[in-house]
Amino acid sequence: MNRRQFVKDVLLWTAGLSLGVPCLRIFPAEAALPTPILGVAKGADYRLLVVKAVEIAGGVGKFIKTGDTVVIKPNMGWDRTPELGANTHPLVVRTLAELALDAGATKVQVFDHTCNEKRRCYTNSGIIDELEKLGDARIAWEHIDPRKFVPVDIDKGKSLKRWEIYKDALAADCYINVPVAKHHGLSRLSLGLKNSMGVIGGNRGRLHHNLGQELADLATVVQPKLTVIDATRMLLRNGPQGGRREDVKEMNTVIASSDPVAADAYATTLFAMQPQDIASTLAAYEMGLGEMDIDKMEIKTVQI
């Protein structure tokens, strides 16, 4: 089953016109995966960091075509202000929205399944304020609607076989994953693969018993065209929600890649750790979902 048929099945199920649970079947690639290209931009101008990192990763036109619907999925799950490093920086999200509109997107949605009270998270993250400044009706930010969760069979899942996933994340023409790089008490780090927790429903705590593998299983279905990791302010301790400025280190770095595993792997090194130290990265690599070996990546770094 290809992705187009999968999206059609998701929409039919949501409309009550199908009883069959959608299933996206992933078949192993016959050829080796292409060498991932990583755009790494460093500097104090966060807007320019995003522009340059995405440009190196292939340019926004590689990921978004005229008429596309786009989902930008930041981490804004915590009632924290930007300087505390618990959420994606609002300027990173705003810049991606601008790039999507410039590329011809007809609709740009921004949302997250928050952990703290949703209205406070959306407001105190600073993200909504930045999006409102654009004054463009094509941008929509919404609180998660429980009615939009769709049960999906995870055909290649090793630990997770079925879960509820947000319809809009599945149906978008372009899904952009925009995590903040930070410490996490359970998974050690919260990066791109972990950010998929923000588009799933159900009892998310149930995934914690085998979190690394189950995040990799989710990655066979929740497939971003582009991953942009915000490492402008890295929460080094007391993650995922933090709360103390002394736990945050300004790294002024943005990473962009079409390979979600490679993006996570590189971001891990910013914490003086190795990619194989993170269970989700290792599991996703072993499932053939991306590259983990830093030496096999084409990393292009620009200093702004």
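- Ion pair Asp247/Arg244 flagged as a salt bridge, since at least one NZ, NE, NH1 or NH2 atom sits closer than 4.0 Å to an Asp/Glu carboxylate oxygen.
- Judged purely by atom type and a 3.5 angstrom limit, His183 uses its side chain to pair as donor or acceptor with the backbone of Gly239.
- A donor-acceptor contact shorter than 3.5 Å is absent between the side chain of Ser280 and the backbone of Leu215.
- Using modelled atom types, no side-chain atom of His208 and backbone atom of Leu211 make a donor-acceptor pair closer than 3.5 Å.
- At least one donor-acceptor pair closer than 3.5 Å links the side chain of Lys182 to the backbone N or O of Ala86.
- Looking only at atom types and distance, the side chain of Asp112 has no donor-acceptor partner in the side chain of Tyr122 under 3.5 Å away.
- Contact annotation: the side chain of Val40 approaches that of Ile299 to within less than 4.5 Å [non-hydrogen atoms, C-beta and beyond].
- Evaluation of the salt bridge (charged side-chain N to carboxylate O under 4.0 Å, His left out) test over residues 209-233, restricted to residues two or more places apart or in two chains, returns Asp230-Arg233.
- Side-chain contact between Gln274 and Thr268 is absent, with no heavy-atom pair separated by less than 4.5 Å.
- Applying the side-chain contact (heavy atoms from CB on, under 4.5 Å) criterion to Tyr285, with sequence neighbours excluded, gives Val261, Glu291, Met292.
- A donor-acceptor pair is defined here as one N or O able to donate and one able to accept, closer than 3.5 Å; no such pair exists between the side chain of Arg162 and the backbone of Pro151.
- Taking the ring centroids of Phe111 and Tyr166, they lie under the 6.0 Å cut-off.
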Inset, instruction - Verify side-chain hydrogen bond (donor to acceptor under 3.5 Å, both in side chains) between Asn75 and Thr88, making sure each step is shown before the conclusion. - result: CA-CA 5 Å; Asn75 188 323; Thr88 308; 5.7 Å; no
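- Side-chain contact annotation: Asn252 with Thr232, donor-acceptor N/O pair under 3.5 Å absent.
- Judged purely by atom type and a 3.5 angstrom limit, Asp68 has no side-chain atom pairing as donor or acceptor with the backbone of Ala105.
- At least one side-chain heavy atom of Phe271 sits under 4.5 Å from a side-chain heavy atom of Leu236.
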Legend entry - Verdict with reasoning, Glu130 to Lys133, per salt bridge (charged side-chain N to carboxylate O under 4.0 Å, His left out): CA-CA 5 Å; Glu130 286 298 327; Lys133 291 176 183 177; 3.0 Å; yes
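- Considering only heavy atoms from C-beta on, Leu49 stays 4.5 Å or farther from Thr253 through its side chain.
- Put simply, the side chain of Lys158 does not reach to within 4.5 Å of the side chain of Asn210, judged on heavy atoms.
- Between Val93 and Pro74, the closest side-chain pair of non-hydrogen atoms falls below 4.5 Å.
- Of the possible polar contacts, one joining the Asn195 side chain to the Lys73 backbone as a donor-acceptor pair under 3.5 Å is found.
- Asn87 contributes a side-chain N or O that, together with a main-chain N or O of Gly77, makes up a donor-acceptor pair within less than 3.5 Å.
- The side-chain heavy atoms of Val71 and Cys174, taken from C-beta on, include no pair separated by under 4.5 Å.
- The closest donor-acceptor contact from the side chain of Arg47 to the backbone of Arg94 lies at 3.5 Å or more, if one exists at all.
- With sequence neighbours excluded, the residues that form a salt bridge (charged side-chain N to carboxylate O under 4.0 Å, His left out) with Asp168 are Lys148.
- Side-chain contact check for Leu189 versus Asp264: every heavy-atom pair is 4.5 Å or farther apart.
- Under the 4.0 Å criterion applied to side-chain N and carboxylate O atoms, Arg138 and Asp136 are assigned as salt-bridge partners.
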